[in-house]
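These notes are about the structure you will find just below.
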Amino acid sequence: MERRTRPFRLLGALGLLGSLLLSLGGPAAAAPPPSRPATGPGTNHATDDPFTADRTSWWRQDRFGMFIHFGAYSNLEGEYTRPDGTVCRDAEWIKRQCKIPGAEYEKQAATFNPADFDAEAIVKAAKAAGQRYIVITSKHHDGYAMWPTKQNRWNLRDHSAFDPHRDILSELKKATDAAGIKLGFYYSIWDWHDPDFADPATFPRYKKRMYGQLKELVDHYDPALLWFDGEWDADNPTNRWSRRDGADLQAYLHRLNPHLIVNNRVGKRGVTDGDFGTPEQEIPAQPVDGQLWESCMTLNDHWGFAKYDTHWKSPATVVRNLLDVASRGGNYLLNVGPDRRGRIPQPSVDRLRTTGAWLRAHGQGDAVYGAGYTGLVAEPSWGAVSRRGDTLYASVASWPASGAPLHLTAEAPFTITGAEVLGSGRPVEVTPSGDGYDLTPSGPAPDPLASVIRIGITPPKAAPAGNGTGLTVQSWANDSFTGPPAVTTVDPTVNKSYRFDGSPDPKIPAAHFSTRWTGSIQPRYDETYTLTTVSDDTVRVWIDGKPVIDHATPHEAAVDKATVSLKAGHRHRIRIDYTERGGEAHMKLLWSSPSQSQQIVPQRQLYAD
Ligand code: FHN
């Protein structure tokens with residue numbers, strides 16, 4: 001049923017008036033963002049360690065998600081014919097790249113009718129692919145909301161030819177809940193449509209509407225995750241989003257729902273923003289330091305639907321990307337772009353189904369779900385190795401000629417108790433060789449996309465878990481450790497996101513303070529550990545009296561690393577000197593080793609003086 005819409009100009013004017021009224025506290029005023037978070041000195045915004053928190057557990061286990069780019073741009077299907085008859089091509093950026101006049105873009109959006117959007121079919125396609133969470137664009141840069149927002153009328157309910165009784169986000173929420181998979185929303189901070197976005201004088205009004213929209217999304221659909229975008233410094237319109245805006249928004253969202261997972265584009269895509277990093281169209285060559293991460297990628301060359309783009313990734317590429325990502329401890333968010341009617345293109349469905357079939361075959365999905373990086377072996381040239389408990393999964397992309405071995409370089413001593421090829425069950429000959437082991441599989445590769453050798457190991461011996469209470473911590477209300485410390489206490493961990501307003505104690509101002517942690521750190525393995533600090537403004541670390549990290553020049557959020565040989569169960573002396581000179585403040589101490597995956601050093605392994 002084609003829904004009559006008034007010309008958007010009238011609608012737009014009313015909408016604009018409505019928006020302005022809204023922003024002036026009109027009848028349905030958006031939830032105003034809080035003034036500076038009512039927290040201030042003594043606040044630490046780090047509520048947990050995303051590497052180990054229950055809050056992020058599902059995300060770290062599920063590994064593989066479906067990204068959906070769907071919006072008013074989809075209605076053009078990637079092509080716009082200019083008045084002069086020339087054709088311009090783009091997808092979700094088409095308004096901007098093809099310089100479509102606002103009124104023209106609004107006019108085309110008024111015909112948008114994704115009547116064939118079938119949430120159950122989409123969820124079915126995700127499940128068939130083995131994708132365990134979905135992130136759909138709720139609002140892209142064009143500002144068009146895909147739900148019946150009350151903050152303006154530029155949305156799928158009030159400005160389209162779509163059935164006004166439907167709500168696709170609600171339909172998707174119902175279908176994902178029924179299927180037991182998580183739902184997240186992408187939300188662009190950068191807004192090409194909102195009249196208040198570009199002007200510094202009215203940007204606060206835009207933020208009020210944005211907070212109002214995000215509250216609607218959280219309250220009405222209970223997403224597990226918010227995937228921000230459009231945070232970068234840009235023009236046309238100028239993007240005024242700041243780091244402080246990101247800090248405020250993250251604190252606000254966690255007050256709305258402390259279980260929410262938020263990506264690092266809530267701020268400025270940094271290591272201290274949100275819960276995870278977001279490399280795009282690329283896979284980091286090794287685990288990311290100091291932050292969880294998720295690689296997002298298109299299946300062809302466009303995020304939004306582009307009817308001419310047939311440059312599809314092969315199933316082998318998708319499967320091998322997924323294995324590379326999982327073996328480096330990351331997640332893979334693979335995109336589909338539904339067409340103007342809301343249908344996922346068949347070539348996408350086909351490739352996703354093949355990927356899912358590979359994951360379901362012979363338990364090969366165990367190399368991905370709940371699996372992750374292992375420091376026990378070096379990444380081989382012939383594939384990827386992931387770890388899940390006392391099992392390694394060697395995923396072989398290039399199967400060796402008969403009788404030729406696959407070499408595994410061991411980074412720490414461990415023994416192999418057995419190995420078999422998933423899918424054939426044929427034995428794998430394991431022989432100690434040089435700096436590790438040679439695996440010689442028998443028979444042909446069971447799967448052309450990738451074949452997996454399941455390897456049972458006896459891991460390095462761990463000392464019993466410690467019973468530490470944390471480190472002694474002294475803080476000074478100056479940034480030079482001068483005079484007696486204002487506060488001395490015990491910190492369970494070194495996991496601080498003071499951001500702009502927080503500090504170690506209400507007696508310590510949010511700027512110009514210094515903190516010293518002392519005590520002992522107790523590893524559980526006899527291994528070479530990597531100590532990682534994430535600091536803003538300065539940090540120095542000593543282990544057993546020896547300086548191992550020295551980044552004493554004031555800096556914005558930075559990662560520093562040191563490798564130290566530590567003895568299992570031994571209490572090694574540690575001292576950390578940290579200063580905050582002004583602006584943002586962060587300080588985290590993480591560790592990792594061949595047997596220890598990256599985490600904030602836990603309290604039970606830290607001992608006060
Ligand atoms: O500009 C967007 C782009 O359209 C797409 O949404 C990607 C997906 O992460 N993010 C931005 C580019 O980094």
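In what follows, every heavy atom counts, from backbone to side chain, and hydrogens, waters and symmetry copies are set aside. Note that the coordinates shown come from a computational prediction; the quantities given were computed from them, not determined experimentally. One-based numbering, in listed order, for ligands and for the atoms of each.
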Next item on the list: Check each of Phe305, Trp303, Trp93, Trp227 against His69 using the ring-ring contact (aromatic ring centres under 6.0 Å, His included) test, and report the only one that passes.
Entry: Trp303
Checklist line | Sub-4.0 Å heavy-atom contact, Gln281 with ligand 1 | finding: no
Notebook entry, point to check: Judging by distance only, is a nitrogen or oxygen of His141 under 3.5 angstrom from one on ligand 1?
Noted result: yes
Next item on the list: Quick one: do Lys95 and His193 satisfy side-chain contact (heavy atoms from CB on, under 4.5 Å)? Show the steps, please.
Entry: CA-CA 10 Å; Lys95 179 184 183 300; His193 188 273; 5.7 Å; no
Check: What do the steps show when you test Ser57 against Asp54 for side-chain hydrogen bond (donor to acceptor under 3.5 Å, both in side chains), and what is the final call?
Finding: CA-CA 5 Å; Ser57 177; Asp54 290 344; 5.8 Å; no
Next item on the list: Identify which one of Phe228, Trp154, Trp190, Tyr186 satisfies the ring-ring contact (aromatic ring centres under 6.0 Å, His included) criterion when paired with His140.
Entry: Tyr186
Check: Going by the atom numbers of ligand 1, which of them fall below 4.0 Å from some non-hydrogen atom of Arg265?
Finding: 9 (O), 10 (N), 13 (O)
Check: Does the gap between the ring centers of Phe276 and Trp59 come in under 6.0 Å?
Finding: yes
Check: Under 3.5 Å, is there a donor-acceptor pair between the Asn335 and Thr298 side chains?
Finding: no
Check: On the ring face of Phe500, is Arg244 found with NZ or CZ under 6.0 Å from the centre and within 45° of the axis?
Finding: yes
Notebook entry, point to check: Can we call the ring centroids of Phe70 and Phe117 under 6.0 Å apart?
Noted result: yes
Notebook entry, point to check: Counting heavy atoms only, which part of Arg269 comes closer than 4.0 Å to ligand 1: side chain, backbone, both or neither?
Noted result: side chain
Next item on the list: Please work out whether any backbone atom (N, CA, C, O) or any side-chain heavy atom from C-beta onward of Met297 is under 4.0 Å from ligand 1, and answer side chain, backbone, both or neither.
Entry: neither
Check: Trp93 heavy atoms, cut-off 4.0 Å: which ligand 1 atoms fall inside?
Finding: 1 (O), 2 (C), 3 (C), 4 (O)
Checklist line | Per-residue contact class, Phe228 against ligand 1 - non-hydrogen pairs under 4.0 Å | finding: neither
Check: So which protein heavy atom does atom 9 (O) of ligand 1 come closest to, and at what separation?
Finding: Glu280 OE1, 3.0 Å
Check: Counting each atom of ligand 1 from 1 as listed, which ones have a heavy atom of Tyr186 under 4.0 Å away?
Finding: 6 (O)
Item checked: Between Tyr221 and Asp167: side-chain donor-acceptor atoms closer than 3.5 Å -> yes
Item checked: Nearest-neighbour protein heavy atom for atom 3 (C) of ligand 1, which is reported as residue plus atom name and distance -> Glu92 OE2, 3.5 Å
Margin query: Using a 3.5 Å cut-off on N or O atoms only, is Trp227 in polar contact with ligand 1?
Written below: no
Note to self: Suppose I only count heavy atoms of His69 and a 4.0 Å limit; which atoms of ligand 1 are within that range?
What the structure shows: 5 (C), 6 (O), 8 (C)
Next item on the list: Determine whether the aromatic ring centres of His302 and Tyr308 lie less than 6.0 Å apart.
Entry: yes
Checklist line | Sub-4.0 Å atoms of ligand 1 with respect to non-hydrogen atoms of His140 | finding: 3 (C), 4 (O), 5 (C), 6 (O)
Checklist line | Closest approach of any protein heavy atom to atom 10 (N) of ligand 1, naming residue and atom | finding: Asp229 OD2, 2.6 Å
Note to self: Can you name the atoms of ligand 1, numbered from 1 with element, that are less than 4.0 Å from a heavy atom of Cys296?
What the structure shows: 9 (O)
